[in-house]
Amino acid sequence: IDPNVGVVEVPDERLDKLTEIVKPKKVIPSIFEFTDIAGIVKGASKGEGLGNKFLSHIREVDAIVQVVRAFDDTNVVHVDGSVDPIRDIETINLELIFSDMEVVEKRLPKIEKKAQLKVDKDAVFEYSVLKVIYDTLMDNKPIRTLTFNENELALIKNFNFLTQKPMIYVANIIEDEISDYDGNPYVQKIKEFAETEGSDVVVISAQIEAELSELDQEEKAVFLEELGVTESGLDKLIKRSYSLLGLETYFTAGVQEVRAWTFIKGSKAPRCAGIIHTDFEKGFIRAETIKYHDFVQFNGEQGAKEAGKARLEGKEYIVQDGDIMHFRFNV
């Protein structure tokens, strides 16, 4: 029932290039956390299998990665006796829907009276939003198929609904198909299903990933080349997850360390400064900024400054992916 938490580094070729130029004492990449929970069987929300206890572990996550079997192998038993990815997806999605429904069903009776009497504006608003959510769930559709305005999003944020979270489907295939999986009918079915709800699909072979995890960087590169692929499934999954959550990276680059920092796309300079330390945000004065391409083209900070490519940005500046930043602050 307890989840495994895996911490992975976000692969970013730009970090290698900055390291090459700056030659720092330390390099710190962005990291990403995956919470791995046990498989869900039909009836989990009613206590079947391990029950839905472990669903509470994913209430706090930002997105859900659903691993779906897309291979035949008589040596690997399937809990339902046959391989059918769409049935498996629907089983899990239904359990998530039931789990969300339980949350709504507990809440609605508490505000129903107030809402009907129209004495409490907040209760009326909450009731109307939850009612739409309830009807959608009753229709076996995830909450992510609905559109909400800012006020509605603020209201439902604390419920941490599972089916509101964006979903990535991972099609798990056999090793032999990794360089050409388009002919796999299971993968095609998963992609068609994902398209209906606007979700993403990443195809990997868990068998290969297990083998890769035991190799060093050089051996990994050789192994991937032999397989005819350019990057590992894990790297693909990390990048897709990163972009799904609307995340981007800025860098700090000095002799002590070159470091990648994760921020939410569209964030302004003070908020990005606050990721390093809250004092940076509180006392923000300005951000010295160089675009990644300029930093590389002019071989570092000094060269970029001499070429007139360093800018001073204020509080309203929206940080761009790849910016190299140096924050000035005073507390």
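Atom NZ of K165 has more than 12 heavy atoms from other residues, nucleotides or ligands within 6.0 Å. Residue K236 places its NZ atom among more than 12 non-hydrogen atoms of other residues, nucleotides or ligands, all under 6.0 Å distant. No more than 12 heavy-atom neighbours from other residues, nucleotides or ligands sit within 6.0 angstrom of NZ on K309. More than 12 heavy atoms of other residues, nucleotides or ligands sit less than 6.0 Å from atom NZ of K239. Applying the 6.0 Å contact sphere to CD of E219 captures more than 12 heavy atoms from other residues, nucleotides or ligands.
Rounding to the nearest 0.5 Å places CZ of F251 at 10.5 Å from CZ of F295. Between the CG atom of L108 and the CE atom of M101 there is a distance of 11.5 Å, given to the nearest 0.5 Å. For the atom pair L245 CG and F32 CZ, the distance stands at 5.0 Å (nearest 0.5 Å). Note that the OG1 atom of T35 and the CZ atom of R59 stand 14.0 Å from one another [nearest 0.5 Å]. With rounding to the nearest 0.5 angstrom, the CG atom of L155 is 9.5 Å from the CZ atom of F148. If you take NE2 on H326 and CD on E301, they are separated by 7.5 Å, rounding to the nearest 0.5 Å.
Counting only heavy atoms from C-beta outward, the side chains of I190 and E192 never approach each other to under 4.5 Å. By the 4.5 Å heavy-atom criterion applied to side chains, L234 and L212 are not counted as neighbours. Inter-residue side-chain proximity for V187 and K189 is flagged as unmet; no heavy-atom pair is nearer than 4.5 Å. By the 4.5 Å heavy-atom criterion applied to side chains, E257 and V27 are not counted as neighbours. L224 has its side chain out of reach of T230: every pair of non-hydrogen atoms, C-beta onward, lies at least 4.5 Å apart. Looking at heavy atoms from C-beta onward, I208 lies in side-chain contact with I178 at the 4.5 angstrom threshold. Side chains of F98 and L94 form a contact here, defined as non-hydrogen atoms less than 4.5 Å apart. In this structure the side chain of D36 never reaches within 4.5 angstrom of the side chain of V5, judged on heavy atoms.
In this structure, the side chain of Y181 does not engage the main chain of V203 through any donor-acceptor pair within 3.5 Å. Remark: the backbone N or O of A70 is paired with a side-chain donor or acceptor of N184 at under 3.5 angstrom. In this structure, the side chain of S241 engages the main chain of L237 through a donor-acceptor pair within 3.5 Å. Side chain of S99 to main chain of E95: no donor-acceptor pair is present (N/O by atom type, distance under 3.5 Å, no hydrogens or angles). No donor-acceptor pair under 3.5 Å is formed between the side chain of R271 and the backbone N or O of G266. Looking only at distances, a side-chain donor or acceptor of E152 sits under 3.5 Å from a matching main-chain atom of N149. With T252 contributing its side chain and M325 its backbone, the two residues share no donor-acceptor pair below 3.5 Å. Of the possible polar contacts, none joining the N160 side chain to the E60 backbone as a donor-acceptor pair under 3.5 Å is found. Side chain of E316 to main chain of G314: no donor-acceptor pair is present (N/O by atom type, distance under 3.5 Å, no hydrogens or angles). Not one N or O on the side chain of K113 forms a donor-acceptor pair closer than 3.5 Å with the backbone of K110.
Both the sub-6.0 Å distance and the 45° axial angle are satisfied by R69 relative to the ring of F71.
Side-chain polar atoms of Y134 and E105 form a donor-acceptor pair below 3.5 angstrom. Using modelled atom types and a 3.5 Å distance limit, the side chains of S199 and E197 yield a donor-acceptor pair. Remark: the Y317 side chain and the R286 side chain contain no N/O donor-acceptor pair separated by less than 3.5 Å. Side-chain contact, D84 with Y186: no donor N or O sits under 3.5 Å from an acceptor N or O. Between Q66 and D88, the side chains place no donor N or O within less than 3.5 Å of an acceptor N or O (distance only, hydrogens not considered).
In summary, of the residues considered (D100, T136, V132), a side-chain contact (heavy atoms from CB on, under 4.5 Å) with I143 occurs for D100 alone. Of the candidates K114, K131, K121, R107, E126 forms a salt bridge (Lys or Arg N to Asp or Glu O under 4.0 Å) with just one, namely R107. W261 pairs with exactly one of D323, V319, I275 by the side-chain contact (heavy atoms from CB on, under 4.5 Å) rule, that one being I275.
In summary, the aromatic rings of Y250 and Y292 are positioned with their centroids too far apart to meet the 6.0 Å limit. A centroid separation of 6.0 Å or more is found between the aromatic rings of F329 and F284.
V129 is connected to V103 through a chain of hydrophobic side-chain contacts under 4.5 Å among Ile, Leu, Val, Met, Phe, Trp and Tyr, so both are in one cluster. Under a hydrophobic-cluster definition in which Ile, Leu, Val, Met, Phe, Trp and Tyr are linked whenever side-chain heavy atoms come within less than 4.5 Å, directly or via other members, I173 and V67 are assigned to different clusters. L96 is not connected to L146 by any chain of hydrophobic side-chain contacts under 4.5 Å among Ile, Leu, Val, Met, Phe, Trp and Tyr, and they are in different clusters. Hydrophobic clustering (side-chain heavy atoms under 4.5 Å, transitive across Ile, Leu, Val, Met, Phe, Trp, Tyr) keeps L244 apart from Y169. F327 and I324 sit in two unconnected hydrophobic clusters of ILVMFWY residues. Membership requires side-chain heavy atoms under 4.5 Å apart, directly or through other members.
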### Task
Test D321 against R14 for salt bridge (Lys or Arg N to Asp or Glu O under 4.0 Å), laying out the working first.
CA-CA 11 Å; D321 185 45; R14 296 173 300 182; 3.2 Å; yes
### Task
Quick one: do E90 and R87 satisfy salt bridge (Lys or Arg N to Asp or Glu O under 4.0 Å)? Show the steps, please.
CA-CA 5 Å; E90 285 172 346; R87 176 202 57 211; over 6 Å; no
### Message
Show, in sequence, the C-alpha distance, side-chain angles and deciding distance for I133 and F161, and conclude whether the side chain to side chain contact (heavy atoms under 4.5 Å, CB included) test is met.
### Response
CA-CA 10 Å; I133 286 174; F161 287 123; 3.9 Å; yes
#### Entry: Full working for side chain to side chain contact (heavy atoms under 4.5 Å, CB included) between F34 and V7
CA-CA 6 Å; F34 283 94; V7 177; over 6 Å; no
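Across all non-hydrogen atoms, the minimal contact from F280 to G274 is CB-N, 4.4 Å. Between A206 and N172, the shortest heavy-atom distance links the atoms N-OD1, 2.9 Å. Minimum heavy-atom separation, G233 to I204: CA-CG2, 3.3 Å.
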